[in-house]
Asker: 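Structure below; questions to follow.
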2 protein chains.
Amino acid sequence: MAEKVTIATVARHAQVSRQTVSNVINAPQLVRPETRQRVQDAIVALGYRANQAARQMRTGRSRLIAVRIEPTRDGINGTVLDRFLHGLTETAEASGYRVMLYTAPDVDREIAAYGDLLSAYELDGFVITGTDHGDPRTAWLAEREIPFVTFGRPWDHPHAHSWVDVDGAAGTAEATAHLVTAGHHRTGFIGWPAGSGVGDDRRAGWRRALLDAGMDPDGLDVQTEDGIAEGARAARELLGRPVPPSALVCASDSLALGALQTLRSAGTAVPVIGFDDTPVAAAVGLSSVSQPLGDAAARCVDLLTDLLDGPHRDPRQVLLRPALVLRHPA
Amino acid sequence: MAEKVTIATVARHAQVSRQTVSNVINAPQLVRPETRQRVQDAIVALGYRANQAARQMRTGRSRLIAVRIEPTRDGINGTVLDRFLHGLTETAEASGYRVMLYTAPDVDREIAAYGDLLSAYELDGFVITGTDHGDPRTAWLAEREIPFVTFGRPWDHPHAHSWVDVDGAAGTAEATAHLVTAGHHRTGFIGWPAGSGVGDDRRAGWRRALLDAGMDPDGLDVQTEDGIAEGARAARELLGRPVPPSALVCASDSLALGALQTLRSAGTAVPVIGFDDTPVAAAVGLSSVSQPLGDAAARCVDLLTDLLDGPHRDPRQVLLRPALVLRHPA
DNA sequence: TTGTATGCGTTATCAG
DNA sequence: CTGATAACGCATACAA
């Protein structure tokens with residue numbers, strides 16, 4: 001174990017008082033350049049790093065951000081979190097923060113965990129993923145004035161707090177427009193049941209794109225739960241209609257993959273575009289709408305540190321544009 | 001923000017000294033049951049949680065474990081880390097530890113990060129993933145007597161330190177045996193170039209299973225880098241041989257997926273079994289060898305806390321058996 | 001069994 | 001601009 005080098009070691013080495021060292025670190029403008037340089041040299045020479053625990057005791061701030069790692073849902077969409085987490089960690093490091101993980105089986109237990117996290121580690125803030133309509137977690141945090149940013153919009157109150165999100169409607173609209181441009185006059189949509197903010201948003205994009213192109217979306221979409229089997233079933237239903245669609249946009253890669261299976265076994269050449277650009281999509285050559293997860297994570301950290309630096313800043317919102325990734329099925 | 005409740009608050013509430021409260025928490029046997037109960041009631045009533053920063057200053061231990069989150073490699077195999085991380089967080093929580101994330105673009109920078117992490121946060125230990133032959137990271141940590149556990153064997157020195165790993169050879173052997181039992185007399189293998197511990201191990205399992213069944217593995221395998229395109233090419237090569245294999249075991253799902261593409265377009269009914277049981281495998285109905293990642297993570301935490309509780313315990317090793325997941329391709 | 005005193009490394013306050 | 005001193009919350013010797 002390396003020798004412990006504290007602020008006192010540095011002070012001795014640089015022939016100044018402990019306080020001067022602290023000033024060099026936290027308020028450099030108070031120290032004469034000459035002295036400052038001597039201290040900084042000593043810091044480098046000794047490899048000094050401020051002890052966070054001691055600093056935290058004094059300042060009450062831990063430079064720690066908490067993120068929940070979810071219990072890997074269906075696996076195929078679950079990989080989104082992975083990339084997001086990496087981006088988060090990377091950006092946080094650059095801003096002098098660290099990411100701490102926690103888990104919770106449900107929302108109630110997650111809120112209980114906040115208490116633990118907050119009183120034991122004095123976390124500076126939270127990044128909350130996967131928010132839903134009237135999310136009790138954000139309410140709990142807001143009530144206690146604990147800084148947080150969500151990845152995902154609060155659909156009911158768009159300006160309630162800081163958030164970062166990806167413009168799903170823009171994504172499906174672009175996918176739809178691409179198919180329209182390619183000459184498809186009947187582009188269908190397989191999406192989730194109405195009521196989920198994310199799902200409604202993605203459907204709205206498809207609808208808007210068709211209307212913009214002067215086409216009628218009616219009778220071209222179907223609502224189903226997420227899943228490969230569900231996607232396959234939905235595609236069968238659409239194909240069985242009197243005037244079937246000639247192309248498909250789906251609300252998720254799972255649905256798209258299922259649709260692809262149906263189409264393949266039916267021998268129909270109907271192009272499909274999925275959503276999320278999961279590894280599965282890349283593997284089977286499925287075109288998909290890709291979320292800029294690295295950017296999203298970076299902006300989450302930006303917004304959160306912004307809140308942390310000035311406690312009473314107004315919340316800010318960031319909406320990112322996804323990208324359409326075109327592939328050729330094998 | 002909730003009122004700060006310290007050990008003093010509890011002491012006042014329970015009509016005892018601060019010291020008694022500390023004893024109830026850290027050495028309950030020293031306190032009379034009656035008093036102990038009163039203090040514990042006060043703790044619950046006030047929702048007291050020990051402040052980790054203060055505790056750490058005193059004890060030098062942070063109850064923090066560091067794990068690197070990797071920059072999502074090829075996406076298809078990268079999802080392994082995700083599940084592992086979740087298991088790690090969950091088990092660590094149960095043992096009173098928290099997981100802190102860090103990233104590093106390469107090994108040198110990772111080692112540099114250790115210094116930061118250690119001196120700033122006084123981390124208790126590390127979980128290192130993806131070790132390689134003669135890994136400099138483990139050497140660095142061992143030299144400084146910093147507790148760590150690796151997920152992955154140190155192939156050159158099997159007992160150098162504590163580790164958890166999955167028995168890859170057992171996995172490919174089981175897959176091979178399954179195919180042999182199903183009546184296949186020529187089961188081929190697509191694996192990585194010799195030299196990587198993991199790859200050699202998986203190949204060895206296939207080889208052993210064939211020999212055990214009295215079959216000759218010679219001329220039935222091919223070595224290639226990992227990847228879907230590489231798997232497809234390798235499968236083409238195998239099928240072009242004078243006496244082609246009638247079934248295939250692969251060192252990864254990526255390779256297996258590629259092989260599957262080749263076989264499908266060739267119209268050949270050759271079963272393929274992959275490795276890692278990634279979401280992609282599940283999606284396309286590919287049989288695969290599944291690593292017990294949750295267990296592995298749990299054992300990592302066990303081994304690490306073991307090291308932490310008794311600093312000079314002997315290192316321990318855990319080898320877990322993977323499971324063969326059989327599926328029917330769509 | 002309980003209370004008292006001390007220090008962990010840092011930063012904030014205030015006097016020089 | 002610099003230096004002394006107190007305090008953050010906890011745990012540990014030691015005394016009572």
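Any value given below was found using the heavy atoms of this structure, including those in side chains, with hydrogens, waters and symmetry copies removed.
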Asker: Applying side-chain contact (heavy atoms from CB on, under 4.5 Å), name anything that partners B:D106, two or more places apart in sequence or on another chain.
Answerer: B:D108, B:R109
Asker: Return the set of residues passing side-chain contact (heavy atoms from CB on, under 4.5 Å) with A:P28 (not counting sequence neighbours), or none when no residue passes.
Answerer: A:R36
Asker: Closer than 4.0 Å, any side-chain N/O of A:T59 to the OP1 or OP2 of C:dA12?
Answerer: no
Asker: Ignoring backbone atoms, establish whether B:S22 has a side-chain N or O less than 4.0 Å from OP1 or OP2 of D:dA11.
Answerer: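 Answer yes for this pair, as a side-chain N or O of B:S22 is under 4.0 Å from OP1 or OP2.
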Asker: Starting from C1' on C:dT10, measure out to CE on B:M57 and report it in whole angstrom.
Answerer: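 Nearest whole value for this atom pair: 7 Å.
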Asker: Please determine, for the side chain of A:N51, which listed nucleotide (D:dC10, C:dT11, C:dG9) has the closest atom?
Answerer: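 Given the options D:dC10, C:dT11, C:dG9, the side chain of A:N51 is closest to C:dG9.
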Asker: Quick one: list whatever passes side chain to side chain donor-acceptor pair (under 3.5 Å) with B:E93, sequence neighbours left out.
Answerer: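 Partners of B:E93 under the side chain to side chain donor-acceptor pair (under 3.5 Å) test: A:T103, B:R98.
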Asker: Counting only heavy atoms and a strict 4.0 angstrom limit, can you tell me which residues of residues 8-19 of chain A come near DNA chain C?
Answerer: A:R18, A:Q19
Asker: Can you list the residues that meet the side chain to side chain donor-acceptor pair (under 3.5 Å) rule with B:R316, with sequence neighbours excluded?
Answerer: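 Partners of B:R316 under the side chain to side chain donor-acceptor pair (under 3.5 Å) test: B:D306.
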Asker: Within 45 degrees of the ring normal and closer than 6.0 Å to the centroid, is that where the cationic atom of B:R63 sits relative to B:Y97?
Answerer: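 Verdict for B:Y97: a cation-pi partner in B:R63.
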Asker: Counting only distance, no hydrogens or angles, is the base of C:dT10 paired donor-acceptor with the side chain of A:R55 under 3.5 Å?
Answerer: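 By the distance-only test, no, there is no pair.
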Asker: Could you tell me, to 10°, how much the axis swings from one end of the helix from C:dT1-D:dA16 to C:dG16-D:dC1 to the other, five pairs per end?
Answerer: 40°
Asker: With sequence neighbours excluded, tell me which residues meet side-chain contact (heavy atoms from CB on, under 4.5 Å) with B:A27.
Answerer: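 Residues passing side-chain contact (heavy atoms from CB on, under 4.5 Å) with B:A27: B:Q29, B:L30.
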Asker: Tell me, please, which residues at least two apart from B:Y114 pass ring-ring contact (aromatic ring centres under 6.0 Å, His included).
Answerer: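 B:F126, B:W140.
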Asker: Compute whether any side-chain donor of one residue and acceptor of the other, for A:Y121 and A:Q56, lie under 3.5 angstrom apart.
Answerer: no
Asker: Taking CG from A:N26 and P from C:dA12, how many angstroms apart are they, rounded to a whole number?
Answerer: 6 Å
Asker: Whole Å only: how far is the CZ atom of B:R61 from the C1' atom of D:dC10?
Answerer: 15 Å
Asker: Tell me which residues in residues 30-50 of chain A put a heavy atom below 4.0 Å from DNA chain D, sorted by number, or none.
Answerer: A:L30, A:V31, A:R32, A:T35
Asker: Measure CD/A:Q52 against C1'/C:dT11 and give the value in whole Å, please.
Answerer: 13 Å
Asker: Return the 5'-most residue of the pair A:A54, A:Q29 with respect to DNA chain D, ranking by each residue's nearest nucleotide.
Answerer: A:Q29
Asker: Tell me, which pairs form a side chain to side chain donor-acceptor pair (under 3.5 Å) where one or both residues lie in residues 10-20 of chain A, sequence neighbours left out?
Answerer: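 Passing the test, one end in residues 10-20 of chain A: A:S17-A:T20, A:Q19-A:N23.
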Asker: Would you please name every residue forming a side chain to side chain donor-acceptor pair (under 3.5 Å) with B:S22, sequence neighbours left out?
Answerer: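 Scan of B:S22 (side chain to side chain donor-acceptor pair (under 3.5 Å), adjacent residues dropped) gives B:N26.
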Asker: Please set out all donor-acceptor pairs under 3.5 angstrom arising from side-chain atoms of residues 37-46 of chain B, sequence neighbours excluded.
Answerer:
unit_1	atom_1	unit_2	atom_2	d
B:Q37	NE2	B:D41	OD1	3.0
B:R38	NE	B:A14	O	2.8
B:R38	NH2	B:A14	O	3.0

